[in-house]
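Take a look at the structure set out below.
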Amino acid sequence: MKKPELLVTPTSLSDIEPLAHAGADAFVIGEQKYGLRLAGEFTQEEVKAALDTAHGLGKKVYVAMNAIFHNDKVADLEEYILFLKDAGADAVLFGDPAVLMAARTAAPDMKLHWNTETTATNWYTCNYWGRKGAARAVLARELSMDSIVEIKENAEVEIEVQVHGMTCMFQSKRSLLGNYFEYQGKVMEVENRRQQKNMFLHDQERHNKYPIFEDENGTHIMSPNDMCIIDELGEMIEAGVDSFKIDGVLKSSQYLVQITKLYRKAIDLFVQDEDLYEEQKDRLLEEAKQLQPENRPLDTGFFFKETVY
């Protein structure tokens, strides 16, 4: 049975080695100029250092270039891809076709992962971008387990699925928070996600708190709960899903190490002894719940929601 890759988004360069020892197989890093909703900001020097560290431990590093690029940034894409090629990046994440075109010129052999966050919802579209050069499709978070299995059965590219962490519910390219405070007549600098982790939108009707932050790519509103599917990995492993992602946005380094250890144990258990996994999966879920901040309950995301046509 094929063992899926365990992919983690680290918060900083210092996370790479502890996460590798905790069981991560690969990492997604980058800087907000090029990538969306990364757990941490990595300068070019830090990208180089992360690649050296990870490769020395036998791990892979994928660099995010999945932002939406307006004309003023398109000219920078080839130069950044050339830098990643020279640094030895294992793959580049893209959503905007401008990155695909730049990669064809600057690094035609670069492995590409198609990630538009929300539109990878069927195998036909995944295969379309595979024919354009993508080696992997990162599936939307709003898919059911049945849909994921069907996509994997028909996909001609690798398939990546998020199994843990928060989900983006809304993004605007506008600086909504900054504009709001300006409208209120308040002089307030809205800090980016590396420093500011305590901003929430309150929904009194649903009794939910939605984490919100603003960065170079605009305003991001996140889910009130964290998805966790540690006790339901079996069907996707059996289907051959290639990569399971733990999203570390707005999480601490210590939390990521501990949750990575749990998923490493769960994956290895299922591959080695399915019956033993079935015996221990409820305990693994309870351990995951114990790691959660008080205001971040766990749920199963969209994995078991009924599709409405």
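Just so you know, these numbers use all the heavy atoms, side chains as well, and skip hydrogens, waters and symmetry mates.
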Problem set entry | Salt-bridge present (E5, K60; N to O < 4.0 Å) | no
Problem set entry | E46 vs T43, side chain to side chain contact (heavy atoms under 4.5 Å, CB included): CA-CA, chis, key distance, verdict | CA-CA 5 Å; E46 288 173 324; T43 65; 3.4 Å; yes
For this session: Tell me, with the steps shown, if D247 and R37 meet salt bridge (Lys or Arg N to Asp or Glu O under 4.0 Å).
Result: CA-CA 9 Å; D247 197 319; R37 292 179 288 277; over 6 Å; no
Problem set entry | Carboxylate-amine/guanidinium proximity below 4.0 Å for K111 and E158 | yes
For this session: Please report the closest heavy-atom contact between A140 and T121, naming both atoms and the distance.
Result: CB-CG2, 4.0 Å
Exercise. If every non-hydrogen atom of A67 is compared with every non-hydrogen atom of D96, which pair is closest and at what distance?
Worked result: O-CB, 3.7 Å
Seminar exercise, completed: dist T219:OG1 -> I221:CD1 (nearest 0.5 Å) comes out at 7.5 Å
Exercise. Which atom names give the shortest non-hydrogen contact between L233 and A266, and what distance separates them?
Worked result: CD1-CB, 3.9 Å
Exercise. With hydrophobic residues grouped by side-chain heavy-atom distances under 4.5 Å, do Y34 and I68 end up in a single group?
Worked result: no
Exercise. Taking the six-membered ring where the residue is Trp, are the ring centres of Y263 and F244 under 6.0 Å apart?
Worked result: no
Exercise. Closest approach of I230 and L285, non-hydrogen atoms and distance?
Worked result: CG2-CA, 3.8 Å
Problem set entry | Full working for salt bridge (Lys or Arg N to Asp or Glu O under 4.0 Å) between K305 and E142 | CA-CA 9 Å; K305 291 190 182 295; E142 297 83 3; over 6 Å; no
Exercise. Should the pair W129 and W114 be assigned to parallel (<30°), tilted (30 to 60°) or perpendicular (>60°) ring geometry?
Worked result: parallel
Problem set entry | Lys/Arg N to Asp/Glu carboxylate O, D90 vs K59, below 4.0 Å | no
Problem set entry | Option from V161, T116, N115 for which side-chain contact (heavy atoms from CB on, under 4.5 Å) with V138 holds | N115
Exercise. Do the side chains of L284 and F304 join up, straight or via other hydrophobic residues, at under 4.5 Å, putting them in one cluster?
Worked result: yes
Exercise. Does the side chain of T167 come within less than 4.5 Å of M222's, by heavy atoms?
Worked result: no
Problem set entry | L19 side chain reached by V257 side chain, heavy atoms, under 4.5 Å | yes
For this session: Examine Y255 and L262 and state if one hydrophobic cluster contains both, with Ile, Leu, Val, Met, Phe, Trp and Tyr joined whenever side-chain heavy atoms are less than 4.5 Å apart.
Result: yes
Exercise. Can you check whether P211 reaches M166 side chain to side chain, under 4.5 Å on heavy atoms?
Worked result: yes
Exercise. Between NZ of K33 and CG of D215, what distance do you get to the nearest 0.5 Å?
Worked result: 14.0 Å
Problem set entry | Whether Q292 side chain and R296 backbone form a donor-acceptor pair below 3.5 Å | yes
Exercise. Going through the distances and angles, do Q272 and Y277 end up as a side-chain hydrogen bond (donor to acceptor under 3.5 Å, both in side chains)?
Worked result: CA-CA 9 Å; Q272 293 164 11; Y277 170 79; over 6 Å; no
Exercise. Within the distance-only criterion (no hydrogens, no angle test), does the side chain of E278 pair as donor or acceptor with the backbone N or O of D275 below 3.5 angstrom?
Worked result: no
Problem set entry | Worked verdict on E78 versus K85 for salt bridge (Lys or Arg N to Asp or Glu O under 4.0 Å) | CA-CA 10 Å; E78 286 189 22; K85 175 187 175 183; over 6 Å; no
Exercise. Tell me, do V241 and P4 make a side-chain contact under 4.5 Å, heavy atoms counted?
Worked result: no
Problem set entry | Residues, nucleotides or ligands: over 12 heavy atoms within 6.0 Å of K3 NZ | yes
Problem set entry | Heavy-atom side-chain proximity of M101 to T105 below 4.5 angstrom | no
For this session: Start with the C-alpha distance between Y62 and F27, add both sets of side-chain angles, then the distance that settles ring pair (Phe, Tyr, Trp, His ring centres under 6.0 Å), and finish with yes or no.
Result: CA-CA 6 Å; Y62 311 136; F27 306 97; 9.3 Å; no
For this session: For salt bridge (Lys or Arg N to Asp or Glu O under 4.0 Å), just list the numbers for E160 and R136, CA-CA rounded to whole Å, side-chain angles, deciding distance to a tenth of an Å, and then say yes or no.
Result: CA-CA 7 Å; E160 178 186 312; R136 174 182 294 186; 3.1 Å; yes
Exercise. Does a side-chain heavy-atom distance below 4.5 Å link F303 with E232?
Worked result: no
For this session: Could you tell me whether the side chain of W123 reaches within less than 4.5 Å of the side chain of E156, counting heavy atoms only?
Result: no
Problem set entry | salt bridge (charged side-chain N to carboxylate O under 4.0 Å, His left out) partners of residues 11-29, not counting sequence neighbours, each pair once | D25-R264
Exercise. Less than 6.0 Å separating the ring centroids of H220 and F170?
Worked result: no
Seminar exercise, completed: Correct closest heavy-atom pair for L77 and A102 would be CB-CB, 3.9 Å
For this session: Applying side-chain hydrogen bond (donor to acceptor under 3.5 Å, both in side chains) between K251 and each of T9, T11, D226, report the one that passes.
Result: D226
Exercise. Once you round to the nearest 0.5 Å, how far does CG of D268 lie from CG of D273?
Worked result: 12.0 Å
For this session: Report the C-alpha distance between H113 and N66 in whole Å, list the side-chain angles of each, state the deciding distance to 0.1 Å, and finish with yes or no for side-chain hydrogen bond (donor to acceptor under 3.5 Å, both in side chains).
Result: CA-CA 9 Å; H113 294 175; N66 60 328; over 6 Å; no
Exercise. Can you get from L276 to V271 by hopping between Ile, Leu, Val, Met, Phe, Trp and Tyr side chains that sit under 4.5 Å apart?
Worked result: yes
Problem set entry | Hydrophobic cluster membership, F83 vs I81, 4.5 Å side-chain cutoff | yes
Exercise. Side chain of S147, backbone of L143: donor and acceptor closer than 3.5 Å?
Worked result: no
Exercise. Crowded around K209 NZ? As in, over 12 foreign heavy atoms under 6.0 Å?
Worked result: no
Seminar exercise, completed: Nearest heavy-atom contact between I229 and M236 is CG2-CE, 4.3 Å
Exercise. Between N127 and G130, is there a donor-acceptor pair closer than 3.5 Å when you use the side chain of the first and the backbone of the second?
Worked result: no
Problem set entry | K73 charged N/C atom sitting above F69 aromatic ring, 6.0 Å / 45° | no
Problem set entry | From Q258 atom CD to T260 atom OG1, the distance as rounded to the nearest 0.5 Å | 9.0 Å
Problem set entry | Any donor-acceptor N/O pair, D242 side chain to I159 backbone, under 3.5 Å | yes
Seminar exercise, completed: Separation between SG (C126) and CZ (R131), nearest 0.5 Å, reads 11.0 Å
For this session: Kindly check if the number of other-residue, nucleotide or ligand heavy atoms within 6.0 Å of CG (N71) is above 12?
Result: no
Exercise. Testing E286, E287, E279 for salt bridge (charged side-chain N to carboxylate O under 4.0 Å, His left out) with R283, which one passes?
Worked result: E287
Problem set entry | N217 vs Q32, side-chain hydrogen bond (donor to acceptor under 3.5 Å, both in side chains): CA-CA, chis, key distance, verdict | CA-CA 7 Å; N217 292 297; Q32 64 178 261; 5.6 Å; no
Problem set entry | Sub-4.5 Å side-chain heavy-atom contact between I29 and V61 | yes
Problem set entry | Verdict with supporting geometry, V92 and L84, side chain to side chain contact (heavy atoms under 4.5 Å, CB included) | CA-CA 8 Å; V92 166; L84 296 178; 3.7 Å; yes
